[in-house]
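The structure appears below as structure tokens.
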Amino acid sequence: MKKRIINFFDERIDLAPIRNWVRHKTISQHKHSFWYYFGGLALFLITVQIITGIMLAFYYSPNPATANESVRYIMERVHYGWLIRSIHFWGANFLVAVVFVHMFSTYFMKAYRKPREMMWILGILILGLVLAFSFTGYLLPWTTLSYFATKVGVNTPLVIPGIGGFLARIMQGGADVGAATLTRMFTLHTVVLPLTALILISLHVLLSQILGTSVPLSQKGYTEQTRFFPDFVMRDAAVWAGGFAILLAFATIFPANLGSKVNPVMPAPPGIKPEWYFLFVFQTLRTVPEIVAMGVITLGALIWLLVPFLDKKSSRGEKSRFFTLFGLAVLVYMVAMTITAYITTEVH
Amino acid sequence: MATNRRQFLNRVLTAGVTVLAGYVVYPVIRFLIPPSVSSDEPTKVFVTTTDEMKPNSAKFFRFLDRPAVLVRLPNGDYKALSAKCTHLGCTVEFKPAKDFFYCNCHGSEFDINGKVLKGPAALPLPVYVVSLSGNKIFVSIQNRIA
Ligand code: HEM
Ligand code: FES
């Protein structure tokens, strides 16, 4: 039977090149190969988000009058609704964490160096998309916390002179966060971002197949080759299964909770703060004047994006101590600001 | 000569396509920018009645498409202000014990006349006009008051 199906296609479109490619493809293994599993894990988690997201969209209703109620309905009435929503909730958190690990690990291995500059740039854009997914999804349950966190988020660009007001208005869809904002966030979250993500992720993965995995400079000459199929694919699958098991454990042991519906006219309650991955931005905004904070973060992001072109040494195959230290500084800064934000808001 | 004509035609074509692209992009961008708030938004609203406002209490309501607050001071005076924090837009809270407004998002404080007592907010809360008609309390914008 299997043979018949394969033959059916083989007679019509020659599959030999693909088969040969799979058979001969090998992957370099070295001391730091472990970190390469995070890219595949991110791909897996995005797939989980897309599937659970589409499932939620069958019941979710993007209107201030019904949004919170529809999520409550998913949680309390729909069979396994609590599970699907909890997987979507935890999956989002895992995904952000995994993408950050993937980014920093490829950074420190200098995997962005020539000829993989475009992979790095696509990767940063995908990170931006993942954060945008989280920001737009956060408003959807229409709770007091999600409402005011979104409000602060869309108002933050106001500190940018000139176009700030324009940006805030485009995101809000009106003078204030309201029904129009919810429709916009829903459309972005379920249509615009998934389509964009599909294109960028396809390009990123396509390039990774064309170029193969890079070998860190320090590991040149210490590598072994593994067959892509079945060895590497099986290991990747094992990591996915492990990741899925942990995700399911979190979703069942700590199901996502649903805050009370927001009444936009009532005061913001204490303890409004963004999700953990935005805390370093939040803390920067609290520490220095906003315009300075926005300037520093925008400039930092731009440098980070262009690192493959700035780090000429790595591309020539030389050690570049400076960029290792720079990456370390960025990492330490982000961790330190996040911890500070946690400590100081808890005291508040 | 031949290449020159080809170059010229290429340029004309590029310019033409650019203009066409503009014709497509411009309406799309305009579409995404929401129309400004309609001018028929009421500039005077009925909030509540005097019997419902105990001294030293606050009532939150919607005015000009944003949250607003009506306060009755211990001495019986009424004050109405925008309740939208001028920092990043959270709704402020009324602290009756100290007669000021507090924003839970980043800790801005405003006095009863909207003046900033403590940042990060830089601008005062806009103040509205309170008018009484019998026991009915109305709030309106300053410059349009009849
Ligand atoms: C990278 C991918 C994605 C991420 C990171 C993500 C993230 C999130 C987050 C953080 C929430 C709020 C969870 C909560 O507090 O309840 C959410 C809600 C939601 N998402 Fe996604 N999402 C992704 C993809 C999708 C896709 C592809 C769809 C549908 C096509 C979708 C549909 C929904 C719906 C309907 C909700 C509202 C239900 C709810 O709040 O539980 N999501 N998403
Ligand atoms: S929004 Fe009120 S202090 Fe920031």
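Side-chain atoms are counted along with the backbone in the values below, which use heavy atoms only and exclude waters and symmetry mates. Just so we're on the same page: letters track the sequence lines, and every chain starts at 1.
Looking at A:Y333 and A:T284, their side chains do bring a donor and an acceptor atom within 3.5 Å of each other.
Each of A:F148, A:Y60, A:Y147 was checked for a ring pair (Phe, Tyr, Trp, His ring centres under 6.0 Å) with A:W142, and the lone residue meeting it is A:Y147.
Put simply, OG1 on B:T50 and CD1 on B:I137 are 5.5 Å apart, with the number rounded to the nearest 0.5 Å. Residue B:Y128 holds its OH atom at 11.0 Å from OG of B:S140, rounded to the nearest 0.5 Å. Note: A:F133 CZ to A:Q49 CD = 8.5 Å, rounded to the nearest 0.5 Å.
Using a 4.5 Å cut-off between heavy atoms, A:P269 touches chain B through its backbone atoms (N, CA, C, O) alone. No part of A:Q172 comes within reach of chain B, as not one of its non-hydrogen atoms sits under 4.5 angstrom from that chain. For chain A, the nearby part of B:F61 is the backbone; its heavy atoms alone come within less than 4.5 Å.
Evaluation of the side chain to side chain donor-acceptor pair (under 3.5 Å) test over residues 88-99 of chain B, restricted to residues two or more places apart or in two chains, returns B:E93-B:N104.
Between B:C90 and B:C103, the sulfur-to-sulfur (SG-SG) separation does not fall under 2.5 Å.
Within residues 181-195 of chain A, the residues having any heavy atom under 4.5 Å from a heavy atom of chain B are, by residue number, A:R184.
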